[in-house]
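Working notes, structure below.
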Amino acid sequence: QVQLVESGGGLVQPGGSLRLSCAASGSIFSINTMGWYRQAPGKQRELVAAITSGGSINYAQSVKGRFTISRDNAKNTVDLQMNSLQPEDTAVYYCNADLSMIIAPWRLVEIWGQGTLVTVSS
């Protein structure tokens, strides 16, 4: 069994910063891509940022220059530093990973965290 556990959400004023963290645990063989998605009320879930095991990064256009994704392959963690937050960044943020497990190392599975709420409001 594998799980992703997120932390770091909360309430912040416009222009403020938050840091989200996500840790993968369980019978993991390897992790390919790790990333963050978000879903605002009434909207579809969208990619915020993703990083491969080799360090290639992809950002949504709306967060470029404000958010930074980082990853520790040894600890199976991924962080999202969010600066200059705006009300439109308000959403539930989900950690995501494409990984394989020890019991079936040839098979990639997609795992989601439970989500953490980020609210940007004055």
*Please answer: with hydrophobic residues joined when any side-chain heavy atoms are less than 4.5 Å apart, are Leu20 and Phe67 in the same cluster?*
yes
*When rounded to the nearest 0.5 angstrom, what is the spacing between CE in Met34 and CG in Leu80?*
12.0 Å
*Can Val78 be reached from Val118 by stepping across I, L, V, M, F, W or Y side chains whose heavy atoms are under 4.5 Å apart?*
yes
*asked:* Any side-chain to backbone donor/acceptor pair from Arg66 onto Ser62? Under 3.5 Å, distance only.
replied: yes
*Taking the inter-plane angle between the rings of Tyr94 and Trp112 on a 0 to 90° scale, is it parallel (under 30°), tilted (30 to 60°) or perpendicular (over 60°)?*
perpendicular
*Is the closest side-chain heavy-atom distance between Ile111 and Leu99 below 4.5 Å?*
yes
*Of all the heavy-atom pairs spanning Ser70 and Arg19, show the shortest one and how long it is.*
OG-NH2, 3.7 Å
*OG-CG distance between Ser122 and Leu11, expressed to the nearest 0.5 angstrom*: 9.5 Å
_Pairwise distance CG(Asn58) to CD1(Ile51) - rounded to 0.5 angstrom_ = 11.0 Å
*Under 4.5 Å between any side-chain heavy atoms of Pro105 and Ser30, yes or no?*
no
*Going by atom types only, do Ser7 and Ser21 share a side-chain donor-acceptor pair under 3.5 Å?*
no
*Are Tyr59 and Tyr37 connected in the hydrophobic side-chain network, where two residues link if heavy atoms are under 4.5 Å apart?*
no
*Under a 4.5 Å side-chain heavy-atom rule over Ile, Leu, Val, Met, Phe, Trp and Tyr, are Leu108 and Ile31 clustered together?*
no
*asked:* Within the 3.5 Å criterion, strictly below it, is a donor on Asn83 or Ser17 matched to an acceptor on the partner's side chain?
replied: yes
*Pairwise distance OG1(Thr90) to CG(Leu117) - rounded to 0.5 angstrom*: 8.0 Å
*Measure across Leu4 and Cys22 and return the closest heavy-atom pair with its distance rounded to 0.1 Å.*
CB-SG, 3.9 Å
_same_hphob_cluster(Val92, Trp36) at 4.5 Å side-chain heavy-atom cutoff_ = no
*Should the heavy atoms of other residues, nucleotides or ligands under 6.0 Å from CD of Glu88 be counted, would the total exceed 12?*
yes
*What residues, two or more places apart in sequence or in another chain, satisfy side chain to side chain donor-acceptor pair (under 3.5 Å) together with Ser25?*
none
Hey, can you pull the donor-acceptor pairs under 3.5 Å for the side chains in residues 40-50, sequence neighbours left out?
from, atom 1, to, atom 2, distance (Å)
Glu46, OE2, Arg38, NE, 2.8
Glu46, OE2, Arg38, NH2, 3.3

*Could you pull out the closest heavy-atom pair between Ala24 and Ile28, with the gap in Å?*
CB-CD1, 3.7 Å
*Separation of Arg71 CZ from Thr77 OG1 (nearest 0.5 Å)*: 9.0 Å
*Counting N and O atoms only, with roles assigned by atom type, does the side chain of Glu6 sit under 3.5 Å from a partner on the main chain of Gln114, one being a donor and the other an acceptor?*
yes
*Indicate yes or no: at least one non-hydrogen side-chain atom of Val109 is less than 4.5 angstrom from one of Val2.*
no
*Ignoring hydrogens and geometry, is there a side-chain-to-backbone donor-acceptor pair from Asn73 to Ser53 under 3.5 Å?*
yes
_So, taking the atom named CG in Asn32 and the one named OG in Ser100, what distance separates them when rounded to the nearest 0.5 Å?_
7.0 Å
